[in-house]
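See structure below.
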Number of protein chains: 2
Amino acid sequence: MASTTNKEAARPGGRSARVQQAVHEAVRTLQQEGRRDALSVPQIAELAGVTPSTIYRRWGNLAELLADVSLERLHLDTAPADTGSLAGDLQAWCEQYLEEMTSVPGRRGLDDIMASADDERRQRCRECSEAIMQTLRERALARGEVAPSVAVLMDTLIAPLTYHLLYTRGEIHPERLRGWITTALAACHAAHPPTPGSKFNPGELD
Amino acid sequence: MASTTNKEAARPGGRSARVQQAVHEAVRTLQQEGRRDALSVPQIAELAGVTPSTIYRRWGNLAELLADVSLERLHLDTAPADTGSLAGDLQAWCEQYLEEMTSVPGRRGLDDIMASADDERRQRCRECSEAIMQTLRERALARGEVAPSVAVLMDTLIAPLTYHLLYTRGEIHPERLRGWITTALAACHAAHPPTPGSKFNPGELD
DNA sequence: ACCTAAACGCAAAATATTTGCTTTTTGCTT
DNA sequence: AAGCAAAAAGCAAATATTTTGCGTTTAGGT
């Protein structure tokens, strides 16, 4: 009943992999075509050609299974565009992420992940966001830009973004996004005030 | 069968109220003494002296019931201390809130609320936080301090705080909190730059 | 006092979940 | 290449849960 997450099972052999794939696909199929309210383990098992007990033993319950499927989806969307500046990259990525997460399947995926009792999964989400911020930051530094630390980006960008996704249903204006980004970059510039004589400004903070 | 949340029922009469109270108390009791993993509707119903069907009809399922109970608890903790300055008030409240939410029951309560499918409940949480920020802000303005808008406080304080509560299990150093508060107030001061000739500088922090 | 609709209790029915046991499969070893 | 031990899956019975129909109680209004 515990936390048999999935991929890193002790024995991820052929059949196990096949079952996992079949079950995941069954979930996705039923989520697409079907009713959002009803979605049972026996139903998924039948479509996947698997016994319910298999699902229960591997995932524990429906919530964990749904969270697992949603997390897998979340991992795909990592392809930040290069707009030539950190501010632009952040804006572009946030807008794209926002659009994805306010869509019906996106919102449901987020809910499914939050509904899971396994907080290791939430950690993964955080790490995923951190990785993206890291990528954008390093790209900026390579350009010679000043860039806030990943921690600052998380606190000033990802955090409010996520907060709004979770706690309001209203849309977020790109204007608001721009404000957060400005704040993030301003905080960075404040920490390294542009001294008149300095040749360059290494982007370190924290 | 949908969202008979609770208090604002069309008929909140004596018996309904009594049942609600009994069920809520049963949940609290079982949560305290009992095992966190198992906690079933029939079990709660028995302790509350109520039929399971009553619970199912009123709350829909276990997750909604737990979220309902947790939300009620959350509403009690509103008593921000007055430390004499906005920075102090924010720091004090955040520390107290943090301690409460990182405790075992606090963390479980948060999880229960996030696990609920009803996003109206999350909205309530947000409104609760906004109300506290509003209180602190007005208190600061009454003192003659400069204070950021509630929106800014939400974005720079509540959002990162909540993000860490949800996405990491690690502790948050009060130092980190202080950093967020500084940022929030700094953003405010940037909007209202301290003119040299001004008699006093209200929102000075440490 | 009476009436109506909402809430509840009860119990049967329908579903979902757990569990014991057997069989298949996998990764490794000989 | 065959064999072995452990892991995972199937199957079916046993449990537990959720749903539902129907009669009864009760709150709120006329």
Side-chain angles (χ1 to χ4, degrees), chain A residues 1-27 30-31 34-69 112 115-118, chain B residues 1-27 30-31 34-69 112 115-118:
Chain A
M1 62 168 65
S3 55
T4 312
T5 323
N6 60 339
K7 331 202 158 187
E8 64 287 356
R11 205 167 201 171
R15 184 167 64 166
S16 292
R18 218 156 37 235
V19 166
Q20 151 140 355
Q21 183 184 335
V23 170
H24 274 221
E25 176 134 353
V27 169
L30 287 174
Q31 279 180 332
R35 47 268 274 234
R36 3 320 265 88
D37 55 331
L39 184 55
S40 66
V41 171
Q43 190 183 3
I44 294 165
E46 186 181 87
L47 181 55
V50 159
T51 303
S53 64
T54 295
I55 293 182
Y56 287 117
R57 283 203 241 251
R58 273 189 69 160
W59 282 277
N61 55 44
L62 180 61
E64 293 302 314
L65 171 57
L66 295 184
D68 201 35
V69 173
D112 287 345
S116 161
D118 179 17
Chain B
M1 62 164 62
S3 57
T4 312
T5 324
N6 60 339
K7 330 203 159 187
E8 64 288 357
R11 205 166 201 173
R15 182 169 65 167
S16 292
R18 219 155 36 235
V19 166
Q20 151 142 354
Q21 183 184 336
V23 170
H24 274 220
E25 176 133 354
V27 169
L30 287 174
Q31 278 181 331
R35 45 269 276 233
R36 3 318 269 92
D37 53 332
L39 183 55
S40 67
V41 170
Q43 190 184 4
I44 294 166
E46 187 182 86
L47 181 55
V50 158
T51 304
S53 63
T54 295
I55 293 183
Y56 286 117
R57 283 202 242 251
R58 272 190 70 159
W59 283 277
N61 55 43
L62 180 61
E64 293 301 315
L65 171 57
L66 295 184
D68 201 34
V69 172
D112 287 345
S116 160
D118 178 17

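Numbered from 1 within each chain, the chains take letters A, B, ... in sequence-line order.
Phosphate contact (OP1/OP2 of D/dT19, side-chain N/O of B/Tyr56, threshold under 4.0 Å): absent.
With values rounded to the nearest 0.5 angstrom, A/Gln20 atom CD is found 11.5 Å from A/Ile55 atom CD1. Separating the CZ atom in B/Arg58 from the CG atom in B/Leu65 is a distance of 10.0 Å, to the nearest 0.5 Å. Note that OG of B/Ser116 and CG of B/Leu62 are 11.5 Å apart. Values are rounded to the nearest 0.5 Å.
Within residues 40-47 of chain B, the residues that place at least one heavy atom under 4.0 Å from DNA chain D are, in residue-number order, B/Ser40, B/Val41, B/Pro42.
For A/Gln21, the side-chain contact (heavy atoms from CB on, under 4.5 Å) criterion is met by no residue, not counting sequence neighbours.
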Check nucleotides 9-11 of chain C for protein N or O atoms closer than 3.5 Å to its own N or O atoms and list the pairs.
residue: C/dG9; atom: OP2; partner: B/Thr51; partner atom: N; Å: 3.3
residue: C/dG9; atom: OP2; partner: B/Thr54; partner atom: OG1; Å: 2.4
residue: C/dG9; atom: O6; partner: B/Arg57; partner atom: NH2; Å: 2.9
residue: C/dC10; atom: N4; partner: B/Ser53; partner atom: OG; Å: 3.2

Pair up each side-chain donor or acceptor in residues 40-53 of chain A with any protein partner under 3.5 Å, not counting sequence neighbours, and list the distances.
residue: A/Ser40; atom: OG; partner: A/Gln43; partner atom: N; Å: 3.2
residue: A/Gln43; atom: OE1; partner: A/Ser40; partner atom: N; Å: 3.1

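Nucleotide D/dA9 holds its P atom 14 Å from the CD atom of A/Gln21, rounded to whole Å. Put simply, CG on B/Asn61 is 15 Å from C1' on C/dT15, counting in whole angstrom units. Atom C1' of nucleotide D/dT26 and atom CZ of B/Arg18 are separated by 9 Å, given to the nearest angstrom. Whole-Å rounding puts the A/Trp59 CH2 to C/dA16 C1' distance at 18 Å. The separation between A/Arg58 atom CZ and C/dT18 atom P is 17 Å, rounded to whole Å.
Contact record, B/Trp59 with B/Glu64: O-CB, 3.2 Å, taken as the closest heavy-atom pair.
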Decide side-chain contact (heavy atoms from CB on, under 4.5 Å) for B/Asp68 and B/Asp118; before the verdict, give the C-alpha distance in whole Å, the side-chain angles of both, and the deciding distance to 0.1 Å.
-> CA-CA 10 Å; B/Asp68 201 34; B/Asp118 178 17; over 6 Å; no

What do the steps show when you test A/Val69 against A/Asp112 for side-chain contact (heavy atoms from CB on, under 4.5 Å), and what is the final call?
-> CA-CA 9 Å; A/Val69 173; A/Asp112 287 345; over 6 Å; no

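Across every strand in view, C/dC10 sits in a pair with D/dG21 that passes the Watson-Crick or G-U test at under 3.5 angstrom.
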